[in-house]
Amino acid sequence: MIANPAATPVVELRAAEKVFDDGTRGLVPIDLAVQPGEFVSLIGPSGCGKSTLLRLLANLHAPSDGQVLWWRGGFDQVGGDGRRLSFVFQEPTLMPWASVLANVRLPLDLAGVPRQEAQARARAALQAVGLAQAQDRTPGQLSGGMRMRVSIARGMVTRPDLLLMDEPFGALDEFTRNRLDADLAALSRQGGLTTIFVTHSLYEAVFLSSRIVVMASNPGRLFGEMRIDPAIVRDQAFRLSERFALLCRDLSVLLTSAALASGEGA
Ligand SMILES: Nc1ncnc2c1ncn2[C@@H]1O[C@H](COP(=O)(O)OP(=O)(O)OP(=O)(O)O)[C@@H](O)[C@H]1O
Ligand SMILES: [Mg+2]
């Protein structure tokens, strides 16, 4: 979906900053507005505040100053039709004793969705991540990549409008990661979804994003951004294209500058 700059931003930071209780400056005041349908990746050196920024957007942290807005309002705007939010953590955080199906169904059970409908939707979400056959297993019987896919199915089962993902594929091998990136690109292409995605991989950022926000540290801040035509189909042909290679090169240059500005050398 193509972002419409005139639309109401799904989520917005207005001079939002974060100083932790121990005095650590997590983020200097930040302005950022994300429009419906955008796929925004956050990338930058370790400790530059990517997770902190995502946690502000998920209302898991309150800003020390400034504002975070959801659909131009407070966090009470979130929930219900057209305004659902899901957060996928770096670790799958599944219930080890419960079946894969029960794990995916959990957010629907919590929301009071009738059992039969919840069951059907959880099955469909598992199908979408290629895990229909594994629904009766427990997380301990799955590989790391499969567990992550369960976690993504659980994030998607509520049909979120805003999906926040903190390095969801960081611990996976490249093959599995590429596959999940392709799945995520396909889900994103179906439209209606706005995604903010933290990654350390510049290839992953280029593959998935319509906008890449580069951050720097000391102190944590926005450093620059790069836009990629959202109309490009994110498939294997794109991954192997010269265009992809050139975009990766441009992003690499920007990341090197961000590392230098963070006092890290390159
Ligand atoms: N609860 C906390 N209390 C104090 N300082 C914190 C807290 N959480 C994060 N920080 C600090 O804030 C800064 C930003 O942390 P954050 O976790 O957002 O970085 P990050 O960009 O996600 O790093 P990484 O790429 O390693 O995950 C770091 O200096 C970190 O030590
Ligand atoms: Mg982090």
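Indexing begins at 1, ligand by ligand and atom by atom, following the structure's order. Scope of the values below: all heavy atoms of this structure, side chains included, with no hydrogens, waters or symmetry mates.
- Only the side chain of D22 comes within contact range of ligand 1, with a heavy atom under 4.0 Å; no backbone atom does.
- At a cut-off of 2.8 Å, measuring from the Mg ion (ligand 2), the protein N, O or S atoms that fall short of it are S51 OG, waters left aside.
- Taking 4.0 Å as the cut-off, M215 does not count as a neighbour of ligand 1 on heavy-atom distance.
- Using a 3.5 Å distance cut-off with no hydrogens or angles, the side chains of E38 and T194 do not pair a donor with an acceptor.
- Here L110 sits in one hydrophobic cluster together with M95, W97, L106; the rule is ILVMFWY side chains under 4.5 Å apart, joined directly or through other members.
- With sequence neighbours excluded, no residue satisfies ring pair (Phe, Tyr, Trp, His ring centres under 6.0 Å) with F207.
- For atom 31 (O) of ligand 1, the nearest protein heavy atom lies 4.0 Å or farther away.
- Using a 4.0 Å cut-off between charged nitrogen and carboxylate oxygen, R115 and E117 do not count as a salt-bridge pair.
- For the pairing with I196, the side-chain contact (heavy atoms from CB on, under 4.5 Å) check across L164, V213, D166, L53 returns one residue only, L164.
- For the pair G220 and ligand 1, no heavy-atom separation below 4.0 Å is found.
- Considering all non-hydrogen atoms of both residues, S86 and T158 come closest at OG-OG1, 3.4 Å.
- With sequence neighbours left out, the ring pair (Phe, Tyr, Trp, His ring centres under 6.0 Å) criterion links Y203 to no other residue.
- Going from atom OG of S262 over to atom CZ of F223 covers 7.5 Å, rounded to the nearest 0.5 Å.
- Of all the heavy atoms of R55, none lies under 4.0 Å from any atom of ligand 1, so neither backbone nor side chain is involved.
- Counting heavy atoms only, S46 comes closest to atom 24 (P) of ligand 1 of the residues G26, S46, C48, G23.
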